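Worksheet for the structure shown next.
Please read these numbers as outputs of a predicted model, since none were measured by experiment. Chain letters run A, B, ... following the sequence lines, proteins first and then strands; every chain starts at 1.
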Number of protein chains: 2
Amino acid sequence: MDPQHVIRALGALAQEHRLAAFRLLVQAGPQGLAAGALAEALGVAPSSLSFHLAQLSHAGLVSQRREGRSILYSADYPAMTGLLAYLTENCCAGQDQCGPAAACAPASTSEERNVA
Amino acid sequence: MDPQHVIRALGALAQEHRLAAFRLLVQAGPQGLAAGALAEALGVAPSSLSFHLAQLSHAGLVSQRREGRSILYSADYPAMTGLLAYLTENCCAGQDQCGPAAACAPASTSEERNVA
DNA sequence: TCAACGATTCGATAAATGTTGAAATATGGA
DNA sequence: TCCATATTTCAACATTTATCGAATCGTTGA
């Protein structure tokens, strides 16, 4: 994982609404949530949230798919795991006593996902 | 760990020079590195680095102590561990299959440190 | 085809962030 | 005391980021 990518991911999470949105998506699982549902849950204008979701998407932390009129966003668990791994990579000066960051997999329907 | 604190920490790490500085400090261990040594290693103007170190310090990610003319900065491992814990807290919708983030302790002179 | 709905894109604007050089503060040694 | 070293603070500036409302783009169903 290259540093620029890590910085984008950290920057994407370092904002009140985006961190909250990401947490909701992580909890929502692979099915995800519609942009509108997120906007309402967070109390943010749709156009504002769209901007934030684009940031998260650009950082590779969320993915989107259309379903009817809605666009469903879902957390990208492998990306999250990769970010944690990078942060702990230097931990203990390379000696992996800390162990790698725990893999982050969705609780349900985990059978359809490969966390490489 | 409250969300505002988490955001400060993430924001502190979401910058090229600060992320690099923090990594160097994590690798340097509890003894830390002088501000000047960091500035030279990163190729950043001293006043610029001072600004960045203040951000990291305000986020609670590093601590400082004076030694002679130098000010030595060192990574705050418990803070790092707390940050990772927060990020994984929501993982798997609360079911801790992911396990908590691995504790991050310095490799050497670990006898003088309490990672609660 | 048309109207309603869900979401994004586009401008404009306000706020926060990063950089630099000069000046100020603190320490150590002659 | 005086000077050199190490670092921070300050002010100015350019850049990036966040917000909102209006306009636009897809999709659905009558």
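Atom OG in Ser63(A) sits 9.0 Å away from atom CG in Leu25(A) (nearest 0.5 Å).
Remark: the backbone N or O of Val44(A) is not paired with any side-chain donor or acceptor of His17(A) at under 3.5 angstrom.
Nearest heavy atoms, Phe22(B) versus Met80(B): CE2-SD, 3.3 Å. Among all heavy-atom pairs drawn from Gly29(A) and Tyr77(A), the shortest one is CA-OH, 3.3 Å. Taking all atoms of both residues into account, the shortest heavy-atom contact from Gly32(B) to Ser74(B) is CA-CB, 3.8 Å.
Screening Leu53(B), Asp76(B), Leu13(B) for a side chain to side chain contact (heavy atoms under 4.5 Å, CB included) with Leu61(B), the sole residue that qualifies is Leu13(B).
Residue pairs that meet the salt bridge (Lys or Arg N to Asp or Glu O under 4.0 Å) test with at least one member in residues 46-72 of chain A, sequence neighbours left out, are Arg65(A)-Glu67(A). Evaluation of the side-chain hydrogen bond (donor to acceptor under 3.5 Å, both in side chains) test over residues 36-60 of chain A, restricted to residues two or more places apart or in two chains, returns Arg18(A)-His52(A), Ser57(A)-Gln64(A).
Within residues 35-59 of chain A, the residues that place at least one heavy atom under 4.0 Å from DNA chain C are, in residue-number order, Ala35(A), Gly36(A), Pro46(A), Ser47(A), Ser50(A).
Along DNA chain C, the stretch of nucleotides lying under 4.0 Å from any heavy atom of chain B spans, 5' to 3', dG18(C) to dG28(C). For DNA chain D, the outermost nucleotides in 5' to 3' order that have an atom under 4.0 Å from a heavy atom of chain A are dA18(D) to dT28(D).
For Ala14(A), the side chain to side chain contact (heavy atoms under 4.5 Å, CB included) criterion is met by Leu10(B), not counting sequence neighbours.
Transitive grouping of hydrophobic side chains (ILVMFWY, heavy atoms separated by less than 4.5 Å) keeps Phe51(B) and Leu72(B) in distinct clusters.
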